[in-house]
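Let me begin by presenting the structure, written as structure tokens, before commenting on it.
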Amino acid sequence: MTLAATNGPPGVGTGPAPLSAMFSDRVSEEAPGGGSVNLSTDPLARALRTLDTIAATELGIGADLRAVVDAPAGTLSPQTSLSGEPGEPPSEPPIEAPGSSRREAILDSASALFAERGYHGASLRDISRRVGISHPGMLHHFPSKDALLGAVIDRLEASAQGLLDSVESLQTSPQSLMAALAGPWDPRQHSMALLATLSAEIVNPDHPGRFRIARLRLVHEHVLEQALTGLAANGHLVDDADPKMLARTIVSLLLSLAVREHTVRELQHRMDADPIQDVQAFVRRCVVV
């Protein structure tokens, strides 16, 4: 489902806004042309509007987060166009890399470096060197590091949208939930490492992705909560298990295991302690498969 687009977060240009428009801390309350966004037609909009039990103080962000959580939604398109601003330095024309566009190659490298070093630890020049293009070539695609971070988060949000679209199957089948824990939620996946690194970084109140990453984590928790609530209704959850608390715990476990895979795992000579088996074993204590 798609809602009318807003102009998107700063630095992203004026193309159709992705799921990130909904998460943006500066999303407009009106669609282009002055029309209001219809929140009732979009599942993620409704999901976020029902997160009223999560107080802003729980995240230590203050009243600003409440304004973000209650912000209207944007479009759910998986990508947005990041056009440069007038006056940018001349740059190389986009060159198609094998299997993906140059823009996607930049996003792949940026995601890898942000996962390894964090947003502040990776420069645009570091990323351009990894891609193998000049710094002006980088600026042709992304005029600033904030714009690049926005596009990287767009892809994380597109993945979250896919999980949200799968809630119905997750609610009725424990096997589907287990498969998702070994698929899109696999702690060994690069996207989970990226989410873990950015989640840790946003304790800094000045982090440019602070609100969007906080909301992204809420969406993952919400998807799991809805899945577990549905499983409980179908008799697949043990008595007295709280879907909300369990969802928060599973997301925390997934992010912790993602960090472990990129730190502790490198120190181990044996390939035991499989992270997928670990998280599935934990979930099986509460879910009747």
Side-chain angles (χ1 to χ4, degrees), residues 5-28 59 61-62 64-65 67-69 71 73-75 77-89 91-92 94 101-131 133-160 190-191 193-219:
T6 65
N7 287 336
V12 175
T14 56
L19 184 62
S20 61
M22 178 181 302
F23 292 109
S24 173
D25 52 316
R26 300 180 186 180
V27 63
S28 170
L59 295 177
I61 299 177
D64 288 343
L65 181 62
V68 178
V69 171
T75 180
S77 171
Q79 286 189 345
T80 192
S81 172
L82 299 191
S83 58
E85 297 294 333
E88 290 178 3
S91 58
E92 305 164 346
S101 68
R102 177 53 56 91
R103 183 177 184 278
E104 290 302 307
I106 293 171
L107 288 173
D108 289 342
S109 295
S111 296
L113 281 172
F114 289 160
E116 294 169 10
R117 307 179 188 178
Y119 171 77
H120 294 294
S123 69
L124 286 179
R125 294 188 185 278
D126 292 333
I127 297 166
S128 64
R129 280 193 291 268
R130 178 167 290 200
V131 179
I133 63 174
S134 66
H135 186 59
M138 169 73 73
L139 296 177
H140 171 78
H141 295 278
F142 299 97
S144 69
K145 193 163 73 163
D146 280 5
L148 182 54
L149 176 66
V152 166
I153 297 175
D154 287 347
R155 299 206 299 185
L156 291 176
E157 290 169 350
S159 176
H190 176 78
S191 60
L194 175 61
L195 181 58
T197 299
L198 294 177
S199 294
E201 280 196 321
I202 63 169
V203 296
N204 177 358
D206 297 323
H207 194 286
R210 180 174 173 84
F211 293 143
R212 290 182 67 187
I213 293 298
R215 294 193 70 178
L216 184 57
R217 179 164 181 159
L218 293 183
V219 171

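Every heavy atom of this structure was used, including side-chain atoms; hydrogens, water molecules and symmetry mates were not.
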Are any of the side-chain nitrogens in Arg215 or Glu157 under 4.0 Å away from the carboxylate oxygens of its partner? no

Between atom OG of Ser111 and atom CD of Glu116, what is the distance when rounded to the nearest 0.5 Å? 11.0 Å

Not counting sequence neighbours, which residues clear ring-ring contact (aromatic ring centres under 6.0 Å, His included) with His190? List them please. none

Quick one: list whatever passes side chain to side chain contact (heavy atoms under 4.5 Å, CB included) with Ala200, sequence neighbours left out. none

Under 30°, 30 to 60°, or over 60°: which ring-plane class applies to Phe114 and Tyr119, parallel, tilted or perpendicular? tilted

State, with a plain yes or no, whether a side-chain heavy atom of His207 is found less than 4.5 Å away from one of Arg212. no

Heavy-atom pair with the smallest gap, counting every atom of Ala214 and Ile202: N-CD1, 3.7 Å

In short, Thr197 meets Gly118 closest at the heavy-atom pair CG2-CA, 3.8 Å

CG of Asn204 to CZ of Arg210, rounded to nearest 0.5 Å, is 7.5 Å

Within-4.5 Å side-chain heavy-atom neighbours: Leu107 and Asp154: no

So, taking the atom named CG in Leu218 and the one named CD1 in Ile213, what distance separates them when rounded to the nearest 0.5 Å? 11.5 Å

Apply the test salt bridge (charged side-chain N to carboxylate O under 4.0 Å, His left out) to residues Arg103 and Asp108: give CA-CA distance (whole Å), side-chain angles for both, the deciding distance (0.1 Å), then the verdict. CA-CA 9 Å; Arg103 183 177 184 278; Asp108 289 342; over 6 Å; no

Nearest heavy-atom pair of Leu139 and Leu124: which atoms, and what distance? CD2-CD1, 4.1 Å

Leu148 CG to Ile127 CD1 distance, which is reported to the nearest 0.5 Å: 5.0 Å

Does Arg117 pair with Glu201 as a salt bridge, N-O distance under 4.0 Å? no

Sequence neighbours excluded, which residues qualify as salt bridge (charged side-chain N to carboxylate O under 4.0 Å, His left out) partners of Arg129? Asp126

Looking at Ser134 and Ser128, what are the two nearest heavy atoms and their distance? O-CB, 4.0 Å

Give me the atom names and distance for the closest heavy-atom approach of His120 to Lys145. CA-NZ, 4.0 Å

Drop me the distance from Arg217's CZ to Leu198's CG, to the nearest 0.5 angstrom. 12.5 Å

So, for Ala147 and Ser144, which heavy atoms are closest and what is the spacing to 0.1 Å? N-OG, 3.1 Å

I need the Glu104 CD to Arg155 CZ distance, nearest 0.5 Å. 5.0 Å

